[in-house]
Amino acid sequence: EMTRADTFTLALVDPIGLETDKKAILIAVPMFAHPGEVNKISFSGAFSGIVFCTLELDHFIKNLIAPLKYSKTGHALLIDDQYKVLWMPDKSFFGKSLYEETAKFPDFQNILEKMVSGESGTGEFSFYNLDNASHKVTEDVGEKLIAYDFINLGYRPWALGLWAPKKDAEELIHSPYVNHLILLICIIGTTVLVLTYTIIMAFRYNKNLKMEVEAKTNELTNSNLRLLNVLESLNATVIIAAIERCELLL
């Protein structure tokens with residue numbers, strides 16, 4: 001199977017040694033060499049052997065899986081295609097079928113089925129809470145959020161999930177929500193102040209305009225009265241007419 005250039009092996013194995021309970025990831029890649037070439041690898045050349053490499057699963061998980069978290073109480077979850085737990089903070093679940101261990105939580109089992117079937121997505125479920133001090137699950141049940149993806153590890157596919165309590169997500173969005181609310185209040189307050197200032201200025205302008213109109217009206221009235229008094233005091237006949245309309249005014 002390894003004599004073709006387009007093949008490789010990536011599998012989970014039990015290495016033989018003093019620590020037989022340790023799991024390892026086996027990587028095998030075929031090598032091809034063209035006759036006469038020393039430093040170049042030609043896939044069109046003859047099969048020359050296989051390069052094997054093993055990586056301890058604990059090392060892989062410690063450096064790549066365990067550090068994954070997006071909140072203080074959130075953590076990663078790694079299972080294989082048989083629902084067997086490869087990583088959880090509570091080590092009592094290691095090697096067990098997580099599907100069987102979560103019979104009380106059908107919504108979580110539905111998410112596990114999607115994870116094992118090769119789907120990627122997010123979900124919400126109920127599960128036991130985790131005690132950060134002891135890294136053990138407690139009897140308290142809380143709402144959780146999870147994002148999951150599928151890892152194609154050769155013939156042994158894995159599923160990786162990242163979950164956290166729903167309250168952690170609410171705390172993460174609380175600060176931006178408060179800032180948004182404060183910004184909204186500032187915008188509304190500024191708008192109200194601008195509108196109030198505009199209304200006051202418009203009221204003052206209308207009041208000043210009204211006072212100016214009244215002053216002009218009084219001035220015209222007094223001027224008309226003075227003119228009438230002058231005309232009445234004259235010892236003569238005064239006629240006022242509109243020539244353009246040929247109309248007698250006085």
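- Side-chain atoms of I27 and V29, non-hydrogen and from C-beta on, do get closer than 4.5 Å to each other.
- Residue L64 holds its CG atom at 8.0 Å from CG of L55, rounded to the nearest 0.5 Å.
- In plain terms, the two heavy atoms of A66 and W87 that are nearest each other are CB-CZ2, 3.6 Å.
- When all heavy atoms of P165 and G74 are compared, the closest pair comes out as CD-N, 4.4 Å.
- Residues I146 and I111 have side chains in contact (heavy-atom distance under 4.5 Å, counting atoms from C-beta outward).
- Side chains of D131 and T138: no donor on one and acceptor on the other come within 3.5 Å.
- Note that OG1 of T217 and CG of N222 are 10.5 Å apart. Values are rounded to the nearest 0.5 Å.
- For the pair S117 (side chain) and K114 (backbone), a donor-acceptor distance under 3.5 Å is present.
- A distance of 10.0 Å separates CG in N110 from OG1 in T102, rounded to the nearest 0.5 Å.
- Residues V141 and F105 are in side-chain contact: their nearest non-hydrogen atoms beyond the backbone lie under 4.5 Å apart.
- For the pair F93/E101, a side-chain contact is recorded, criterion being any heavy-atom separation below 4.5 Å from C-beta on.
- Rounding to the nearest 0.5 Å places CG of D149 at 9.0 Å from CE of M115.
- Note on residues 202-214: no pairs pass side chain to side chain donor-acceptor pair (under 3.5 Å), not counting sequence neighbours.
- Inter-residue side-chain proximity for E113 and Y83 is flagged as met; some heavy-atom pair is nearer than 4.5 Å.
- Closest of all the heavy-atom pairs between L160 and A76 is CD1-CB, 4.3 Å.
- Contact record, F52 with L26: CD2-CD1, 3.8 Å, taken as the closest heavy-atom pair.
- Between atom CD of residue E143 and atom CG of residue N129 there is a gap of 10.0 Å, rounded to the nearest 0.5 Å.
- Between W163 and H75, the ring-plane angle classifies as perpendicular under the 30° and 60° cut-offs.
- Side-chain contact check for L77 versus L98: some heavy-atom pair is nearer than 4.5 Å.
- Linking Ile, Leu, Val, Met, Phe, Trp and Tyr residues whenever their side-chain heavy atoms come within less than 4.5 Å leaves Y148 and F150 in two separate clusters.
- For the pair L78 and W158, the minimum side-chain heavy-atom distance is below 4.5 Å.
- Connection of F203 to M211 is not established within any shared hydrophobic cluster, with ILVMFWY side chains joined at heavy-atom distances below 4.5 Å, either directly or through further cluster members.
- Between D140 and Y128 there is no side-chain heavy-atom pair separated by less than 4.5 Å.
- A salt bridge does not link E124 to K144: none of the charged side-chain nitrogens sits closer than 4.0 Å to a carboxylate oxygen.
- To the nearest 0.5 angstrom, Q109 atom CD is 12.5 Å from K104 atom NZ.
- A salt bridge links D90 to K136: one of the charged nitrogens lies within less than 4.0 Å of a carboxylate oxygen.
- Minimum interatomic distance between V116 and A159 (heavy atoms only, all atoms of both residues): N-CB, 4.5 Å.
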